[in-house]
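Proteins get letters first, then strands, A, B, ... in listed order; numbering begins at 1 in each.
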There are 2 protein chains.
Amino acid sequence: MEKALDRNSYIPLYAQIQQKLRQMIERGEIAPGAPVPSERELAERYGVSRMTARQALRALRHDGLVYRERGIGTFVARRKVDVHTRNLVGFTEDMRQRGLKPSSKLILLKREKATQQIANELGIEVGEGVFHLERLRLANGTPMAYESNYIPADLCPDLDQYDLERDSLYRILEEEHGIRMQSADEVLEAARAPRREARYLSIRAGSPVLVVHRVVYGDNGRAIESVRTIYRADRYRATFHLTKNTL
Amino acid sequence: MEKALDRNSYIPLYAQIQQKLRQMIERGEIAPGAPVPSERELAERYGVSRMTARQALRALRHDGLVYRERGIGTFVARRKVDVHTRNLVGFTEDMRQRGLKPSSKLILLKREKATQQIANELGIEVGEGVFHLERLRLANGTPMAYESNYIPADLCPDLDQYDLERDSLYRILEEEHGIRMQSADEVLEAARAPRREARYLSIRAGSPVLVVHRVVYGDNGRAIESVRTIYRADRYRATFHLTKNTL
DNA sequence: TAGTGGTCTAGACCACCGG
DNA sequence: CGGTGGTCTAGACCACTAC
């Protein structure tokens with residue numbers, strides 16, 4: 001039954017329960033609309049307090065996998081649209097979740113001084129060092145997006161030492177520099193493709209594109225990067241799951 | 001000092017604390033980057049347990065108003081981009097949050113039988129009754145978006161009795177029929193404006209538009225509506241706040 | 001009435017950080 | 001060292017739902 005939790009693990013108990021339930025749901029062992037074990041049942045089954053079981057269910061609800069009805073129970077959500085949940089991942093992971101093979105072509109990697117606008121977005125002073133990174137992003141070998149990043153240079157002074165065609169920026173920041181993303185603000189708009197980016201994307205200048213501007217914050221509240229991504233409108237749609245903030 | 005909570009209110013204690021803190025932050029009484037009272041301090045100040053104070057801070061973090069650092073404290077977030085948090089609100093409330101005056105022009109309100117696609121999106125059977133609602137949405141009197149809704153008819157059989165030019169659909173569903181939204185899936189893409197909608201929006205056919213498809217779920221997990229909104233790209237940008245799901 | 005989720009208590013230990 | 005947030009306990013009462 002593999003019901004036991006590892007109480008010595010560095011993974012919190014609620015996260016272990018969450019993980020088990022997530023697997024059961026994603027494998028289809030619990031059908032959409034069918035009930036998930038109640039808080040009290042989970043608590044008894046795994047030998048934890050009800051508050052701990054509750055935390056697992058709350059996280060699943062936040063991800064949109066279940067919905068909860070007072071007085072009735074917790075049920076597997078019946079999703080109607082394709083959802084890749086878009087949980088604060090980079091291009092590399094985003095493409096993988098969509099079943100596509102990501103790759104990159106490095107266009108530019110240069111240390112610059114922050115302009116007024118970039119400084120503002122990153123919460124640093126004008127003139128401070130930033131890395132400016134531009135990459136063409138491909139999915140299964142064809143152009144998907146054109147991405148322009150600005151990263152405060154002091155966060156990662158050796159960024160130009162890495163192979164940013166093959167490596168993931170987020171992986172470098174997280175695994176090599178211990179910088180973890182915690183949240184992000186995103187602004188999405190439709191626009192006409194500028195000539196230069198259109199050429200890289202193999203589309204006609206003026207074609208509609210989806211422009212995503214994202215500022216990512218680390219767990220110390222500092223802005224980690226400001227990135228503008230221009231997606232081909234015919235190849236990319238952004239998906240989100242929204243919840244009422246009664247957490 | 002107005003520190004007291006109303007323990008007889010139907011508003012939970014954590015929500016009352018959350019509300020007070022939110023006000024203080026939005027009024028600028030606590031500067032960006034400055035610390036918010038700690039969990040233990042809030043607990044003592046308001047005479048609640050630490051778990052209750054914690055729940056208030058967790059909700060504020062989910063909304064992106066604060067960030068938390070283990071071993072240090074909780075701080076007011078330094079936001080870099082304009083954020084209207086887009087917390088599962090309708091057009092009416094969205095515009096108000098942006099400081100614009102919303103209005104509507106009713107184009108169509110008709111009871112129809114669900115097509116395969118609509119039935120699929122709403123999780124009902126093909127041929128079941130749905131209301132089809134189309135409205136031109138204005139902000140400060142100028143066209144902002146063209147919206148096409150489908151709502152299961154059994155949720156609100158008298159929908160055609162309301163004045164949907166002046167009333168908010170979400171208000172009717174919530175206040176008149178007790179149907180509360182709980183979550184939604186959204187898919188955003190850029191496209192060219194179709195001729196018909198372009199005319200309503202006063203833009204040229206083929207101009208770029210932002211297309212938002214949203215399926216809203218109620219607190220019983222049922223789909224409440226499926227809506228496609230075509231926004232003028234030059235007037236509208238969608239904003240989101242994303243958080244790592246470590247709630 | 002029995003079961004559910006929502007809220008709340010009054011503690012506890014831990015890892016982490018600053019001085 | 002004291003303070004912070006992160007986790008966890010073992011209860012409790014409530015509103016709500018279904019039977």
(message) Using heavy-atom distances to pick each residue's nearest nucleotide on DNA chain D, tell me which of A:Ile72 and B:Gly73 is more 5'.
(response) B:Gly73

Exam field: side chain [X] to backbone [Y], donor-acceptor pair closer than 3.5 Å:
| X | Y | result |
| --- | --- | --- |
| A:His241 | B:Ala184 | yes |
| A:Arg137 | A:Phe91 | no |
| B:Gln16 | B:Ile11 | yes |

Atom pair distance, as rounded to whole Å: [atom1] in [X] and [atom2] in [N]:
| X | N | atom1 | atom2 | value |
| --- | --- | --- | --- | --- |
| B:Arg54 | C:dG6 | CZ | P | 18 Å |
| A:Glu44 | C:dG3 | CD | C1' | 13 Å |
| B:Arg70 | D:dT4 | CZ | P | 15 Å |
| A:Ile11 | C:dC14 | CD1 | P | 20 Å |
| A:Arg58 | D:dC8 | CZ | C1' | 13 Å |
| B:Asp6 | C:dC8 | CG | C1' | 16 Å |
| B:Glu39 | D:dG6 | CD | C1' | 8 Å |
| B:Arg40 | D:dG6 | CZ | C1' | 10 Å |

Short side-chain N/O contact from [X] to OP1 or OP2 of [N], under 4.0 Å:
| X | N | answer |
| --- | --- | --- |
| A:Arg61 | C:dG6 | yes |
| B:Arg7 | D:dC13 | no |
| A:Ser49 | D:dG11 | no |
| A:Thr74 | C:dT4 | no |
| A:Tyr14 | D:dC8 | no |
| B:Arg68 | D:dT4 | no |
| B:Ser38 | D:dG3 | no |

(request) Using a 4.0 Å heavy-atom cut-off across all strands, classify B:Leu57 as base, sugar-phosphate, or nothing. (result)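 Nothing, no heavy atom under 4.0 Å.
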
Which nucleotide in [options] has an atom nearest any side-chain atom of [X]:
| X | options | value |
| --- | --- | --- |
| A:Val48 | C:dG18, C:dG5, D:dT9 | D:dT9 |
| A:Leu13 | D:dC8, C:dT9, D:dG5 | D:dC8 |
| A:Thr52 | D:dC8, C:dG6, C:dT9 | D:dC8 |

(message) On the side chain of B:Arg50, is there an atom forming a donor-acceptor pair with the base of D:dG6 - under 3.5 Å, no angle test?
(response) yes

(request) Classify the angle between the aromatic ring planes of B:Phe240 and A:Phe240 as parallel (below 30°), tilted (30 to 60°) or perpendicular (above 60°). (result) parallel

(message) Over 60° means perpendicular and under 30° means parallel, so tell me whether B:Tyr150 and B:His132 are parallel, tilted or perpendicular.
(response)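 Parallel.
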
(message) Does A:Glu26 have more than 12 heavy atoms from other residues, nucleotides or ligands lying within 6.0 Å of its CD?
(response)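 Enclosed.
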
